[in-house]
Undergrad: 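Structure below; questions to follow.
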Amino acid sequence: MKIRTFVIGYVFALAIFLFAQHRTVPEQKSGYVVVDLTHSINSSVPTYDENGNSAYHEQTLATTEKNGYFARAVSFPEHYGTHIDAPAHFVHGLWTVDQIPPERLVAPLVILNVSAKAKKNADYQVSVDDVADWEQLHGQVPAGAVVMARTGWDLRWNSARDYRNPDAAGVMHFPGFSTDVARFLTEGRNIVGVGIDTLSIDNGPSKNFPVHQYDLSHSIYQLENVANLAQAPDSGATVVVAPAKLEGGSGGPVRILAISK
């Protein structure tokens with residue numbers, strides 16, 4: 001009986017020792033830097049059509065105090081906050097958000113820094129020259145890349161009026177892509193996606209969304225209201241685009257991560 005008690009005690013003590021050893025092992029660093037390129041979703045998100053009423057609604061269903069767990073019901077449009085435009089957004093029969101091949105959602109990240117030009121011209125359109133400037137420094141845009149335009153507009157995020165930047169007639173003014181660069185990146189560089197830190201891939205005054213029309217018809221997905229591009233490297237990072245897999249969705253909320261060494 002004493003031997004049995006000794007063995008049980010020894011095993012118990014050994015288990016505690018091994019557990020303590022496991023708990024005190026320092027966390028291994030991956031050697032990677034991860035930048036979150038996503039704005040949080042809430043009722044203050046600036047929207048394309050500003051009518052004074054938030055499109056975001058939430059309802060508390062349970063609380064930890066009352067129910068032992070916390071849960072909410074939340075609703076908002078597909079194209080709200082940091083989101084993805086699937087090709088089906090403009091072209092019937094092309095991929096909905098759940099149909100975008102997953103291999104296109106992990107890609108080399110290219111960031112075109114046009115913030116100085118956008119500061120001088122709120123309606124600036126990213127050009128082929130901007131791509132040429134990037135390629136002089138970093139080499140050719142890799143095939144299968146996601147190309148982001150860093151305009152600096154995300155610094156206006158906390159003011160819906162400044163972010164939309166309307167004039168007296170209500171016309172919005174913010175930077176976007178040009179159709180020329182959209183065509184060049186698609187046909188000449190074989191990219192899979194584009195992104196920008198403004199409300200739209202097309203600039204503010206655009207009325208017929210020509211870049212949307214071109215990109216989405218060529219199965220190039222679009223990322224809008226991107227955040228923190230200034231914190232990610234212009235070249236050498238990998239982007240992970242993780243949209244909610246909404247069946248039949250024209251787009252949806254997305255978490256975007258830039259990963260670099």
Side-chain angles (χ1 to χ4, degrees), residues 32-39 82-85 103-157 173-204 206 209-241 254 256-261:
Y32 292 92
V33 176
V34 180
V35 178
D36 192 343
L37 304 181
T38 319
H39 289 291
T82 304
H83 66 272
I84 189 170
D85 291 349
E103 60 270 18
R104 297 172 76 93
L105 300 175
V106 180
L109 175 61
V110 169
I111 298 179
L112 306 177
N113 181 4
V114 297
S115 56
K117 297 176 180 179
K119 190 173 183 179
K120 294 178 180 179
N121 177 11
D123 296 328
Y124 184 75
Q125 293 180 292
V126 179
S127 70
V128 175
D129 287 342
D130 294 315
V131 178
D133 290 343
W134 187 94
E135 291 189 333
Q136 283 187 343
L137 294 174
H138 307 291
Q140 185 168 302
V141 171
V146 172
V147 177
M148 303 267 201
R150 173 190 161 197
T151 73
W153 220 251
D154 60 333
L155 298 177
R156 300 172 177 238
W157 182 254
H173 297 276
F174 53 77
F177 281 76
S178 68
T179 51
D180 285 343
V181 80
R183 185 176 296 107
F184 175 75
L185 289 170
T186 299
E187 299 177 10
R189 294 296 181 264
N190 196 28
I191 66 167
V192 298
V194 292
I196 197 166
D197 53 3
T198 70
L199 274 168
S200 173
I201 291 294
D202 287 282
N203 72 352
S206 174
F209 307 104
V211 182
H212 277 74
Q213 299 281 2
Y214 179 84
D215 277 345
L216 298 177
S217 68
H218 287 78
S219 297
I220 305 298
Y221 63 77
Q222 301 177 155
L223 305 167
E224 296 171 328
N225 297 319
V226 179
N228 304 322
L229 286 172
Q231 298 178 26
D234 292 346
S235 174
T238 296
V239 66
V240 177
V241 179
V254 64
I256 309 172
L257 303 175
I259 304 172
S260 60
K261 289 188 176 181

Undergrad: At what distance, to the nearest 0.5 angstrom, does OG1 of T238 lie from OH of Y32?
TA: 8.5 Å

Undergrad: Atom CE of M148 and atom CG of D234: how far apart are they, to the nearest 0.5 Å?
TA: 12.5 Å

Undergrad: State, with a plain yes or no, whether a side-chain heavy atom of D154 is found less than 4.5 Å away from one of L229.
TA: no

Undergrad: Drop me the distance from Q136's CD to H138's NE2, to the nearest 0.5 angstrom.
TA: 10.5 Å

Undergrad: Closest approach of G195 and F177, non-hydrogen atoms and distance?
TA: O-CE1, 3.4 Å

Undergrad: For Y214 and T179, what are the C-alpha separation, side-chain angles and deciding distance, and is it a side-chain contact (heavy atoms from CB on, under 4.5 Å)?
TA: CA-CA 7 Å; Y214 179 84; T179 51; 5.6 Å; no

Undergrad: Going through the checks in order, is the side-chain contact (heavy atoms from CB on, under 4.5 Å) test met by D130 and K117?
TA: CA-CA 10 Å; D130 294 315; K117 297 176 180 179; 2.6 Å; yes

Undergrad: Could you pull out the closest heavy-atom pair between W153 and A118, with the gap in Å?
TA: CZ3-O, 4.4 Å

Undergrad: Tell me, do L199 and N225 make a side-chain contact under 4.5 Å, heavy atoms counted?
TA: yes

Undergrad: For P142 versus P108, what's the shortest heavy-atom pair and its separation?
TA: CG-CB, 3.7 Å

Undergrad: Mind listing the closest non-hydrogen atom pair of S178 and S127 along with its distance?
TA: OG-CA, 4.0 Å

Undergrad: Is there side-chain contact between Y221 and L105, with heavy atoms separated by less than 4.5 Å?
TA: yes

Undergrad: Which heavy atom of W134 sits nearest to which heavy atom of G139, and what is that distance?
TA: CZ3-O, 3.1 Å

Undergrad: Are the side chains of P175 and V126 in touch, meaning some heavy atoms are under 4.5 Å apart?
TA: no

Undergrad: Indicate yes or no for a side-chain donor-acceptor contact from D123 to the backbone of Q125 under 3.5 Å, with no hydrogens or angles considered.
TA: no

Undergrad: If every non-hydrogen atom of T186 is compared with every non-hydrogen atom of A182, which pair is closest and at what distance?
TA: OG1-O, 2.9 Å

Undergrad: For V146, which of L223, I220, V110 qualifies under side chain to side chain contact (heavy atoms under 4.5 Å, CB included)?
TA: L223

Undergrad: Would you give the length of the straight line joining atom NE2 of H39 to atom NE2 of H83, rounded to the nearest 0.5 angstrom?
TA: 11.5 Å

Undergrad: Is there a side-chain contact between L37 and T82 (heavy atoms, below 4.5 Å)?
TA: no

Undergrad: Report yes if the side chains of T198 and T151 come closer than 4.5 Å at any heavy-atom pair, otherwise no.
TA: yes

Undergrad: Is it the case that T38 and D36 place a side-chain donor and acceptor less than 3.5 Å from each other?
TA: yes

Undergrad: Indicate the ring-plane relationship of F209 and H212, choosing parallel, tilted or perpendicular according to the 30° and 60° boundaries.
TA: perpendicular

Undergrad: What distance separates L257 CG from L109 CG, expressed to the nearest 0.5 Å?
TA: 11.0 Å

Undergrad: First locate atom CD of Q231, then atom CD1 of I111, and finally report the distance between them rounded to the nearest 0.5 Å.
TA: 10.5 Å

Undergrad: Decide yes or no on side-chain contact (heavy atoms from CB on, under 4.5 Å) for V194 and D215, but give the supporting numbers first.
TA: CA-CA 9 Å; V194 292; D215 277 345; 3.5 Å; yes

Undergrad: Is any side-chain heavy atom of V241 closer than 4.5 Å to a side-chain heavy atom of V106?
TA: no

